[in-house]
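The structure's right below; bear with me while I get my questions together.
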Amino acid sequence: MAQINSVVDKKLAEAWAVAFERTEESADTVARGQFLGFNVCVKIPEVFAAAVDTVKAGGSVFAAIVFPAAWPATIPFVVWESYCAARSVFSALIERMEPLEYVTVAILATHEGGVDEDVLADEVEKFVKEPNTRKFSWHLGMTEERIDDAGGDIHEGWISHVVRELDRKGFVEIEDGKLFPKPKNMEWKIGF
(Lines give C-alpha, C1' and ligand atoms only; values in the text may rest on other atoms or scores of the structure.)
Protein backbone atom coordinates (compact mmCIF):
# COMPACT_ATOMS: atom_id res chain seq x y z
CA MET A 1 0.00 0.00 0.00
CA ALA A 2 1.33 3.42 -0.94
CA GLN A 3 2.38 5.57 1.98
CA ILE A 4 2.57 9.32 1.72
CA ASN A 5 5.74 9.90 3.73
CA SER A 6 7.86 12.37 1.85
CA VAL A 7 7.60 16.13 2.00
CA VAL A 8 6.90 16.15 -1.75
CA ASP A 9 3.96 13.78 -1.43
CA LYS A 10 2.50 15.74 1.48
CA LYS A 11 2.89 18.97 -0.50
CA LEU A 12 1.09 17.37 -3.44
CA ALA A 13 -1.73 16.14 -1.22
CA GLU A 14 -2.14 19.66 0.16
CA ALA A 15 -2.06 21.17 -3.34
CA TRP A 16 -4.82 18.82 -4.51
CA ALA A 17 -6.89 19.48 -1.39
CA VAL A 18 -6.93 23.26 -1.97
CA ALA A 19 -7.64 22.91 -5.69
CA PHE A 20 -11.33 22.50 -5.07
CA GLU A 21 -14.19 23.29 -2.72
CA ARG A 22 -16.72 20.70 -1.71
CA THR A 23 -20.20 21.71 -0.57
CA GLU A 24 -22.95 19.56 0.82
CA GLU A 25 -26.42 20.03 -0.61
CA SER A 26 -29.62 19.26 1.25
CA ALA A 27 -31.73 16.32 0.12
CA ASP A 28 -34.54 18.53 -1.22
CA THR A 29 -32.47 20.68 -3.60
CA VAL A 30 -32.09 20.16 -7.34
CA ALA A 31 -28.40 20.91 -6.96
CA ARG A 32 -27.95 17.75 -4.91
CA GLY A 33 -25.05 15.62 -6.14
CA GLN A 34 -25.70 12.15 -7.46
CA PHE A 35 -23.86 10.41 -4.65
CA LEU A 36 -23.43 11.49 -1.05
CA GLY A 37 -25.00 14.85 -1.93
CA PHE A 38 -21.83 16.81 -2.62
CA ASN A 39 -21.12 19.39 -5.29
CA VAL A 40 -17.59 20.23 -6.28
CA CYS A 41 -16.03 23.50 -7.38
CA VAL A 42 -12.68 22.99 -9.09
CA LYS A 43 -10.41 26.04 -8.87
CA ILE A 44 -8.30 27.13 -11.81
CA PRO A 45 -5.33 27.82 -11.65
CA GLU A 46 -4.82 25.84 -8.43
CA VAL A 47 -5.82 22.56 -10.06
CA PHE A 48 -3.35 23.03 -12.92
CA ALA A 49 -0.55 23.86 -10.49
CA ALA A 50 -1.28 20.67 -8.53
CA ALA A 51 -1.29 18.61 -11.73
CA VAL A 52 2.00 20.10 -12.96
CA ASP A 53 3.62 19.38 -9.60
CA THR A 54 2.28 15.82 -9.80
CA VAL A 55 3.74 15.33 -13.29
CA LYS A 56 7.10 16.69 -12.13
CA ALA A 57 7.06 14.41 -9.07
CA GLY A 58 6.36 11.46 -11.34
CA GLY A 59 7.13 8.17 -9.67
CA SER A 60 6.81 9.39 -6.10
CA VAL A 61 3.02 9.51 -6.45
CA PHE A 62 2.69 6.81 -9.08
CA ALA A 63 1.65 3.97 -6.78
CA ALA A 64 -0.89 6.12 -4.96
CA ILE A 65 -2.59 7.19 -8.16
CA VAL A 66 -2.35 3.94 -10.12
CA PHE A 67 -3.85 2.08 -7.17
CA PRO A 68 -6.56 4.56 -6.15
CA ALA A 69 -8.26 2.09 -3.84
CA ALA A 70 -5.20 2.32 -1.59
CA TRP A 71 -4.85 6.09 -1.85
CA PRO A 72 -7.77 7.14 0.37
CA ALA A 73 -6.39 4.83 3.07
CA THR A 74 -3.16 6.82 3.16
CA ILE A 75 -4.36 10.37 2.55
CA PRO A 76 -7.65 12.20 3.07
CA PHE A 77 -10.50 11.13 0.78
CA VAL A 78 -10.99 14.73 -0.35
CA VAL A 79 -7.57 14.69 -2.00
CA TRP A 80 -8.51 11.66 -4.09
CA GLU A 81 -11.89 13.23 -4.82
CA SER A 82 -10.17 16.45 -5.91
CA TYR A 83 -7.86 14.53 -8.23
CA CYS A 84 -10.83 12.75 -9.87
CA ALA A 85 -12.76 16.01 -10.25
CA ALA A 86 -9.71 17.65 -11.79
CA ARG A 87 -9.39 14.87 -14.35
CA SER A 88 -12.96 15.65 -15.47
CA VAL A 89 -12.09 19.35 -15.84
CA PHE A 90 -8.97 18.48 -17.79
CA SER A 91 -10.93 16.27 -20.18
CA ALA A 92 -13.39 19.06 -20.87
CA LEU A 93 -10.67 21.67 -21.43
CA ILE A 94 -8.55 19.44 -23.65
CA GLU A 95 -11.45 19.19 -26.08
CA ARG A 96 -11.58 22.99 -26.39
CA MET A 97 -7.89 23.92 -26.36
CA GLU A 98 -4.89 23.29 -28.57
CA PRO A 99 -2.26 21.09 -26.85
CA LEU A 100 0.31 23.91 -26.60
CA GLU A 101 -2.29 26.30 -25.15
CA TYR A 102 -3.25 23.70 -22.59
CA VAL A 103 0.34 23.03 -21.49
CA THR A 104 1.03 26.78 -21.36
CA VAL A 105 -1.95 27.48 -19.12
CA ALA A 106 -0.88 24.60 -16.86
CA ILE A 107 2.65 25.99 -16.47
CA LEU A 108 1.32 29.54 -16.05
CA ALA A 109 -0.75 28.26 -13.11
CA THR A 110 2.46 27.62 -11.17
CA HIS A 111 3.23 31.36 -11.22
CA GLU A 112 0.79 33.03 -8.83
CA GLY A 113 3.06 36.07 -8.67
CA GLY A 114 3.19 36.43 -12.44
CA VAL A 115 5.84 35.60 -14.99
CA ASP A 116 7.48 37.21 -18.00
CA GLU A 117 6.44 35.85 -21.40
CA ASP A 118 9.98 34.68 -22.26
CA VAL A 119 10.38 32.84 -18.96
CA LEU A 120 7.01 31.16 -19.44
CA ALA A 121 7.95 30.11 -22.98
CA ASP A 122 11.22 28.62 -21.71
CA GLU A 123 9.46 26.69 -18.93
CA VAL A 124 6.81 25.33 -21.31
CA GLU A 125 9.47 24.17 -23.76
CA LYS A 126 11.42 22.44 -20.97
CA PHE A 127 8.27 20.86 -19.53
CA VAL A 128 7.27 19.38 -22.89
CA LYS A 129 10.74 17.82 -23.22
CA GLU A 130 11.00 16.43 -19.65
CA PRO A 131 10.91 12.61 -19.47
CA ASN A 132 8.42 12.74 -16.58
CA THR A 133 6.04 14.79 -18.70
CA ARG A 134 5.86 12.09 -21.35
CA LYS A 135 5.55 9.31 -18.80
CA PHE A 136 3.10 11.02 -16.44
CA SER A 137 1.26 13.35 -18.83
CA TRP A 138 -1.97 11.55 -17.97
CA HIS A 139 -1.97 13.43 -14.64
CA LEU A 140 -2.90 16.45 -16.80
CA GLY A 141 -5.42 14.40 -18.73
CA MET A 142 -3.06 14.27 -21.70
CA THR A 143 -1.50 11.51 -23.74
CA GLU A 144 2.05 11.26 -25.00
CA GLU A 145 0.67 12.06 -28.44
CA ARG A 146 -0.84 15.34 -27.18
CA ILE A 147 2.49 16.22 -25.55
CA ASP A 148 4.19 15.52 -28.88
CA ASP A 149 1.62 17.74 -30.61
CA ALA A 150 2.37 20.53 -28.13
CA GLY A 151 6.10 20.16 -28.76
CA GLY A 152 5.54 20.14 -32.52
CA ASP A 153 3.73 23.49 -32.32
CA ILE A 154 6.74 25.20 -30.73
CA HIS A 155 8.37 27.52 -33.23
CA GLU A 156 9.88 30.99 -33.24
CA GLY A 157 7.43 33.42 -31.62
CA TRP A 158 4.84 30.80 -30.62
CA ILE A 159 4.33 32.27 -27.16
CA SER A 160 2.78 35.56 -28.37
CA HIS A 161 0.09 33.74 -30.35
CA VAL A 162 -0.66 31.34 -27.47
CA VAL A 163 -0.87 34.16 -24.91
CA ARG A 164 -3.33 36.05 -27.15
CA GLU A 165 -5.49 32.93 -27.40
CA LEU A 166 -5.34 32.30 -23.64
CA ASP A 167 -6.29 35.92 -23.01
CA ARG A 168 -9.22 35.61 -25.42
CA LYS A 169 -10.34 32.41 -23.65
CA GLY A 170 -10.05 34.01 -20.21
CA PHE A 171 -7.10 32.06 -18.79
CA VAL A 172 -4.50 34.83 -18.47
CA GLU A 173 -4.30 38.35 -17.10
CA ILE A 174 -1.64 40.68 -18.45
CA GLU A 175 -0.43 43.47 -16.18
CA ASP A 176 2.63 45.63 -16.83
CA GLY A 177 4.04 43.08 -19.25
CA LYS A 178 3.68 40.18 -16.80
CA LEU A 179 1.39 37.22 -17.24
CA PHE A 180 -0.79 36.02 -14.37
CA PRO A 181 -3.05 32.98 -14.18
CA LYS A 182 -6.66 34.10 -14.18
CA PRO A 183 -8.82 32.51 -11.49
CA LYS A 184 -11.80 30.50 -12.72
CA ASN A 185 -14.03 27.99 -11.08
CA MET A 186 -15.86 25.07 -12.63
CA GLU A 187 -18.74 23.64 -10.65
CA TRP A 188 -20.78 20.50 -11.05
CA LYS A 189 -22.25 17.63 -9.13
CA ILE A 190 -19.91 14.77 -8.58
CA GLY A 191 -20.49 11.35 -7.18
CA PHE A 192 -18.31 8.36 -6.50
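Computed from a predicted model, the values in this text were never measured in an experiment.
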Are any of the side-chain nitrogens in Glu175 or Lys178 under 4.0 Å away from the carboxylate oxygens of its partner?
-> no
In chain order, what residues pass the ring-ring contact (aromatic ring centres under 6.0 Å, His included) check against Phe48, with sequence neighbours excluded?
-> Phe90, Tyr102
Heavy atoms only: give me the nearest Val55-Thr133 pair and the separation to one decimal.
->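 In this case the closest contact between Val55 and Thr133 is CG1-CA, 3.6 Å.
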Locate the shortest heavy-atom distance separating Asp116 from Gly177; write the atom from each residue and the value.
->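 Smallest interatomic distance, heavy atoms only, reads OD1-O, 4.2 Å.
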Just jot down the salt bridge (charged side-chain N to carboxylate O under 4.0 Å, His left out) partners of Glu101, sequence neighbours excluded, or say none.
-> Lys169
What's the verdict on side-chain contact (heavy atoms from CB on, under 4.5 Å) for Val52 and Ile107, showing C-alpha distance, side-chain angles and the deciding distance?
-> CA-CA 7 Å; Val52 168; Ile107 299 301; 4.0 Å; yes
Counterpart residues, salt bridge (charged side-chain N to carboxylate O under 4.0 Å, His left out), relative to Lys126 (two or more places apart) = Asp122
Hphob cluster co-occupancy, Phe180 + Val115, side-chain heavy atoms under 4.5 angstrom | no
Could you tell me which residues satisfy salt bridge (charged side-chain N to carboxylate O under 4.0 Å, His left out) with Glu144, sequence neighbours excluded, listed by chain and number?
-> Arg134
In this structure, CG of Asp167 is separated from CD1 of Ile174 (nearest 0.5 Å) by 4.5 Å
Over all atoms of both residues, closest heavy-atom pair of Leu100 and Ala150 |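 What the structure gives for the nearest pair is CD1-O, 3.6 Å.
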With a 3.5 Å cut-off and sequence neighbours excluded, list the donor-acceptor pairs that the side chains of residues 153-161 form with protein atoms.
| unit_1 | atom_1 | unit_2 | atom_2 | d |
| --- | --- | --- | --- | --- |
| Trp158 | NE1 | Glu125 | OE2 | 2.7 |
| Ser160 | OG | Glu117 | OE2 | 3.3 |

Correct closest heavy-atom pair for Pro45 and Pro183 would be CD-CA, 3.9 Å
Between CD1 on residue Ile147 and NZ on residue Lys135, distance to nearest 0.5 Å |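 Taking CD1 in Ile147 and NZ in Lys135, the distance rounds to 15.0 Å.
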Residues Phe171, Leu108; criterion side-chain contact (heavy atoms from CB on, under 4.5 Å); working and verdict = CA-CA 9 Å; Phe171 285 97; Leu108 177 61; 6.0 Å; no
Specify the closest pair of heavy atoms between Arg146 and Met97, including all atoms of both residues, with the distance to one decimal.
-> NH2-O, 3.3 Å
Nearest heavy atoms of Leu179 and Leu120, plus distance in Å | CD1-CD2, 3.6 Å
Name all residues meeting the salt bridge (charged side-chain N to carboxylate O under 4.0 Å, His left out) criterion together with Lys129; count only those two or more places apart in sequence or in a different chain, and write none if there are none.
-> none
Measure the shortest side-chain to side-chain distance between Phe127 and Thr110 over non-hydrogen atoms and say whether it is less than 4.5 angstrom.
-> no
